[in-house]
Amino acid sequence: MAAGFGHAGNALLTVQEMYAADAAAIEQGIAGTTLMENAGRTVAEAIMERWSPRPTVVLCGPGNNGGDGFVVARLLKERGWPVRLVSLVPIGQFKGDARHHADLWTGEVEMPEAGIGDAALIVDALFGAGLTRDVDGAARSLLEDSEGRDIVAIDVPSGVHGDTGQVLGYAAQAALTVTFFRRKPGHLLLPGRVRCAEVVVTDIGIPKSVLEGIDPQQIENGPELWAESLHWPNPTDHKYARGHSLVVGGAIMTGAARMSAKAAQRAGAGAVTVAAPADAQTVYKVTLESIMVASYRDTSSLQDIIEMPKVSAVLIGPGTGMVTATRERACMVLRTGKPAVVDADAISIFEGSSELLFESVNGPVVMTPHEGEFARVFPDLQGGRLFRARAAAARSGCIVLLKGYDTVIAAPDGRVAINANAPADLATAGAGDVLSGIIVALLSQGLPPFEAACAGAWIHAESAMAFGPGLIPEDVIAGIPAVLSTLKSRR
Ligand SMILES: NC(=O)C1=CN([C@@H]2O[C@H](COP(=O)(O)OP(=O)(O)OC[C@H]3O[C@@H](n4cnc5c(N)ncnc54)[C@H](O)[C@@H]3O)[C@@H](O)[C@H]2O)[C@@H](O)CC1
Ligand SMILES: [K+]
């Protein structure tokens with residue numbers, strides 16, 4: 001556990017941690033009914049900021065999420081909104097804080113059969129953190145009938161699991177999601193992130209100090225996590241002092257390693273060398289003007305290149321081929337103990353022999369699988385992406401960067417960052433080679449592997465976002481300097 005990691009505003013609390021935060025606040029003397037009143041009030045305020053009064057129905061579930069719904073209904077009604085309230089269960093079945101607020105509602109409590117009628121705005125207060133099983137029956141029917149209208153979800157769109165972002169049974173597409181104190185991983189992970197649409201986090205009176213006792217280990221990736229670790233050139237630096245990245249090239253698919261090498265250059269490595277198989281060295285030499293090419297014939301001569309003292313980090317995998325030599329060379333790279341990025345073929349080739357990969361780890365390593373590669377090396381890990389990446393990091397001793405629109409970066413000590421600035425356009429062939437190139441450059445500059453992986457994912461996505469539609473990997477490389485300039489100006 002890394003103490004203090006998740007104390008910032010971008011911390012993500014699991015469902016259990018959110019219950020602990022509520023409980024700690026209540027222990028400090030803030031009444032549960034007050035937290036619920038505050039929760040409902042901030043939802044009502046968010047609604048009134050965005051919509052004018054219109055026929056509204058609040059759908060209340062049987063727990064505290066439903067309790068929040070009663071507060072919203074009461075406050076909107078007080079402001080003259082035409083509000084109906086539909087509850088899954090009769091008022092007598094509510095307990096605790098929810099019962100308190102249900103009793104304050106002076107309007108009619110309609111049963112699910114009443115349906116949503118002509119409501120233009122739906123407040124989804126069916127289930128939040130307490131979701132335990134698939135959404136079905138009356139709750140599902142109400143949500144299905146709501147689709148296509150403006151839906152405001154309280155805490156999460158009902159059916160989205162706060163820890164995983166996965167949908168249990170059914171979840172409607174919200175226009176706005178209002179959650180409290182801190183977000184949960186499910187607000188950033190797919191498909192939850194898409195179902196939430198806009199997410200607003202409100203203050204309901206839970207003191208920030210409760211985080212000290214909870215010590216969350218999940219966070220949204222962003223510069224505050226790693227910007228201070230970035231290396232900016234200073235006047236006394238020579239090129240190798242700025243990091244020397246070594247990219248292991250393959251014999252046939254040479255484009256991938258070349259992309260990685262160019263990305264490493266743009267990401268600030270003072271020197272980049274491609275180690276090229278002797279037979280293919282000409283291709284590399286004629287296409288890479290300012291990148292050095294060192295040729296190797298076998299694993300032993302490749303090792304000689306990698307062990308040169310000036311080489312400060314190594315990338316292996318892009319275009320190296322699904323051949324046993326890739327496995328042998330990846331093991332060799334890892335055993336040298338040099339900071340390394342293991343990507344693409346150098347991950348997949350360990351299908352069925354992942355123990356060999358893990359045993360070879362002898363230094364800081366970032367592994368960058370997409371879902372398919374991940375499944376080859378960690379076939380038994382099931383469940384949400386955060387859970388799987390964290391388990392994979394603990395097992396392998398590597399930083400595991402599980403790629404996707406919602407890239408998850410996990411450290412063996414349990415820290416996890418979820419990346420949320422990637423455009424969908426990044427799903428293009430070659431984008432992964434650029435990412436691993438950026439990360440090896442950051443490693444070669446001395447960033448610790450978790451910070452290098454987080455910074456790499458963020459810079460990569462930010463560059464892609466700035467370019468927009470029509471993006472190809474070369475554009476991501478070309479956009480890196482602008483992202484770095486912005487980061488530098490933040491200092
Ligand atoms: N003091 C607190 O704990 C606070 C909680 N708040 C709200 O409370 C919510 C959590 O409340 P709860 O723990 O009561 O949980 P929920 O209100 O999310 O749901 C729990 C209830 O729903 C039932 N249920 C779960 N899944 C179901 C399904 N698929 N179909 C049918 N029934 C299902 C459970 O049996 C239980 O009765 C948060 O999401 C938030 O909206 C806020 O009021 C802020 C303060
Ligand atoms: K909800």
Side-chain angles (χ1 to χ4, degrees), residues 13-44 46-47 57-72 74-75 86-90 93-102 104 112 122-143 146 151-163 166-184 186-187 192 195-197 199-207 210:
L13 268 58
T14 64
V15 165
Q16 285 313 313
E17 287 169 345
M18 193 60 211
Y19 281 129
D22 281 331
I26 290 167
E27 203 165 295
Q28 291 186 28
I30 304 158
T33 50
T34 305
L35 291 175
M36 189 171 281
E37 176 76 19
N38 293 344
R41 181 178 41 74
T42 62
V43 175
I47 290 172
V57 63
V58 181
L59 306 177
C60 293
N64 287 334
N65 197 250
D68 296 345
F70 275 95
V71 177
V72 175
R74 168 165 49 81
L75 298 179
V86 171
S87 176
L88 285 188
V89 297
Q93 288 186 28
F94 284 92
K95 298 186 181 70
D97 301 338
R99 178 59 188 267
H100 170 88
H101 285 289
L104 293 178
I122 317 290
V123 179
D124 166 12
L126 290 171
F127 314 109
L131 181 77
T132 48
R133 54 194 166 85
D134 282 5
V135 173
D136 56 13
R140 180 170 178 151
S141 301
L142 288 166
L143 291 172
S146 303
I151 300 176
V152 176
I154 301 187
D155 197 7
V156 283
S158 301
V160 170
H161 198 286
D163 289 344
Q166 290 177 339
V167 171
L168 270 58
Y170 188 84
Q173 178 61 52
L176 170 70
T177 298
V178 182
T179 191
F180 314 119
F181 184 52
R182 293 289 183 276
R183 288 169 302 170
K184 301 181 184 65
H187 291 115
R195 292 295 207 293
C196 289
V199 178
V200 171
V201 187
T202 66
D203 178 0
I204 60 168
I206 299 174
V210 303

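Whatever order the structure lists ligands and atoms in, that order sets their numbers, starting from 1. Heavy atoms only: backbone and side chains are in, while hydrogens, waters and symmetry mates are out.
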Using a strict 4.0 Å cut-off to heavy atoms of [X], name the atoms of ligand 1 that fall inside it.
X      : answer
Thr132 : 25 (C), 26 (N)
Val135 : 29 (N)
Asp134 : 28 (C), 29 (N)
Tyr19  : 10 (C), 12 (P), 13 (O), 15 (O)

May I ask you to check whether Gly128 brings an N, O or S atom to under 3.4 Å from the K ion (ligand 2)?
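Checking Gly128: none of its N, O or S atoms is under 3.4 Å.
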Starting from [atom], find the nearest protein heavy-atom neighbour and note its residue, name and distance.
atom                    : answer
atom 8 (O) of ligand 1  : Asn64 CB, 3.0 Å
atom 37 (O) of ligand 1 : Pro62 CG, 3.7 Å
atom 7 (C) of ligand 1  : Asp68 OD2, 3.2 Å
atom 39 (O) of ligand 1 : Asp155 OD2, 2.4 Å
atom 3 (O) of ligand 1  : Asp22 OD2, 2.8 Å
atom 27 (C) of ligand 1 : Phe127 CE2, 3.6 Å
atom 44 (C) of ligand 1 : Ile204 CD1, 3.7 Å
atom 29 (N) of ligand 1 : Arg133 O, 2.8 Å

Please check if the side chain of [X] supplies one atom and the backbone of [Y] the other of a donor-acceptor pair under 3.5 Å.
X      : Y      : answer
Asp124 : Ala153 : no
Asp68  : Ala39  : no
Asp163 : Thr14  : no

Nearest atoms (heavy-atom pairs only) where [X] meets [Y]:
X      : Y      : value
Ala197 : Ala174 : CB-O, 3.3 Å
Leu176 : Ala46  : CD2-CB, 4.1 Å
Ala171 : Val160 : CB-CG2, 3.8 Å
Ala129 : Val15  : O-CG1, 3.4 Å
Leu126 : Asn65  : N-OD1, 3.4 Å
Val58  : Gly69  : CG1-O, 3.5 Å

Check each heavy atom of Asn65 against ligand 1 and say whether those closer than 4.0 Å belong to the side chain, the backbone, both or neither.
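Answer for Asn65: both.
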Record the part of Leu131 in heavy-atom contact with ligand 1 below 4.0 Å; permitted values are side chain, backbone, both and neither.
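It is both backbone and side chain that touch ligand 1.
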Minimum side-chain heavy-atom gap Ser146-Leu59 below 4.5 Å:
yes
Within-4.5 Å side-chain heavy-atom neighbours: Ile204 and Thr202
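With C-beta onward as the side chain, the pair touches.
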Quick check for you: with the K ion (ligand 2) as the vertex, what angle do OD1 of Asn65 and OG of Ser158 span, to 10°?
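Approximately 100° at the metal, rounded to tens of degrees.
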Please work out the angle at the K ion (ligand 2) defined by atom O of Phe127 on one side and atom O of Ile154 on the other, rounded to 10°.
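Taking the K ion (ligand 2) as the apex, I get 110° for this pair.
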Please lay out, stage by stage, how Ile30 and Ile206 fare under the test side chain to side chain contact (heavy atoms under 4.5 Å, CB included).
CA-CA 8 Å; Ile30 304 158; Ile206 299 174; over 6 Å; no
Check: [X] N/O within less than 3.5 Å of ligand 1 N/O:
X      : value
Met36  : no
Ala129 : yes
Gly128 : yes

Do protein heavy atoms approach atom 12 (P) of ligand 1 to less than 4.0 Å?
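Yes, because at least one protein heavy atom sits under 4.0 Å from atom 12 (P) of ligand 1.
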Atom nearest to the K ion (ligand 2) - Asp124, N, O or S atoms considered:
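Considering only N, O and S atoms, Asp124 comes nearest to the K ion (ligand 2) through O.
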Assess whether a salt bridge exists between Asp134 and Arg140, defined as any Lys/Arg side-chain N lying under 4.0 Å from an Asp/Glu carboxylate O.
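The answer is no: the pair does not qualify as a salt bridge.
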